[in-house]
Amino acid sequence: MVTRLYSHPIFLEHLTPPGHPERPDRLRAVARILDDEPFSALERMEAPEGDEATLLYAHPERHVEAIRKAIPEEGIVGLDADTWVSPKSYEAAIRAVGAANAAVDDVFSGRIDNVFVASRPPGHHAEKATAMGFCLFNTAAIAARYAQKRHGAERVAIVDWDVHHGNGTQDIFWDDPSVLYCSTHQMPLYPGTGARSETGAGNIVNAPLSPTSGSDLFREAFRSRVLPALRDFAPDLVIISAGFDAHHRDPLAQINLTEADFDWATGQMMDCAARSAGNRLVSLLEGGYDLEGLSFSVAAHVGRLLRG
Ligand SMILES: [Zn+2]
């Protein structure tokens, strides 16, 4: 497998208040572990600047404008109790989108099999016109539409194993059967959406897990709900909203996964991409707030992407 890794120093400059779980140290921990020898085969790239026009693939102009206007000249400003912006946040968020779109270009070029984008802020809570849950723009949703508009992808699957439901991604594709959105997440938990009964145009598959669920129930949710939906849908691109906050060490939730579960789930996504998508798989970092749980999980995930 040829695996590419995108990151950029600007992602460390999106600042949140002291004690906030979504902090620059997360990416430092990810960078540190991916610097180790087992990852020497990764093709490391600087995330390119994003094209602002692509934000409109998932958001109305007024949302983009509202985020731009909220950026302070100095200090940190809260958009809500969870979601904060600092002077470089817009630049960071745009570059996260740029990296995700470049990753789509890469896998459609045929030279790269799969890509991991280590960026922040995350994206899956950002709805069409609402920033929330640490997220400003919905990077995964923009990348899915980018694949459709620029590369003629007909069916894009977004699989979201972040422990929180990706309400934003669900909102954006609610009535769009060209995108399949599958999510495993803890319920009840923030943001409160993600019941099994939320099915959109038949293209939304929610597999909620009760608190304290572990490996068995997570894998069972994949086997009984996510994988059959993917098989039927036969995507020509697989995007992973890769949050690692379902790890047992994570402070924001009570699901008890280990690195081995992320390795396994990654393998399942690669099998799916091999079946219908010529291996094309793009993985975008979402949550994961315990630095050790996050870095070990990313190592398992990226290790699997490299190894095949
Ligand atoms: Zn999360």
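Read the numbers this way: they start at 1 and go in the same order the structure lists the ligands and their atoms. In what follows, every heavy atom counts, from backbone to side chain, and hydrogens, waters and symmetry copies are set aside. Remember, it's a predicted structure, so these values are computed and weren't measured experimentally.
Judged as a side-chain hydrogen bond (donor to acceptor under 3.5 Å, both in side chains), the pairs with a partner in residues 128-141 (not counting sequence neighbours) are, in order, N138-T169.
For F296 and H247, the distance between ring centers is not under 6.0 angstrom.
Between the Zn ion (ligand 1) and H185 there is no N/O/S contact shorter than 2.8 Å.
For D245, the N, O or S atom with the smallest separation from the Zn ion (ligand 1) is OD2.
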N/O donor to acceptor pairs below 3.5 angstrom from side-chain atoms of residues 265-279, sequence neighbours left out:
unit_1 : atom_1 : unit_2 : atom_2 : d
T266   : OG1    : F262   : O      : 2.5
T266   : OG1    : H301   : ND1    : 2.7
S276   : OG     : P235   : O      : 2.6

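No hydrogens or angles considered: nothing links the side chains of T54 and D51 as a donor-acceptor pair under 3.5 Å.
The OD1 atom of D162 and the ND1 atom of H164 meet at the Zn ion (ligand 1) at an angle of about 100°, given to 10°.
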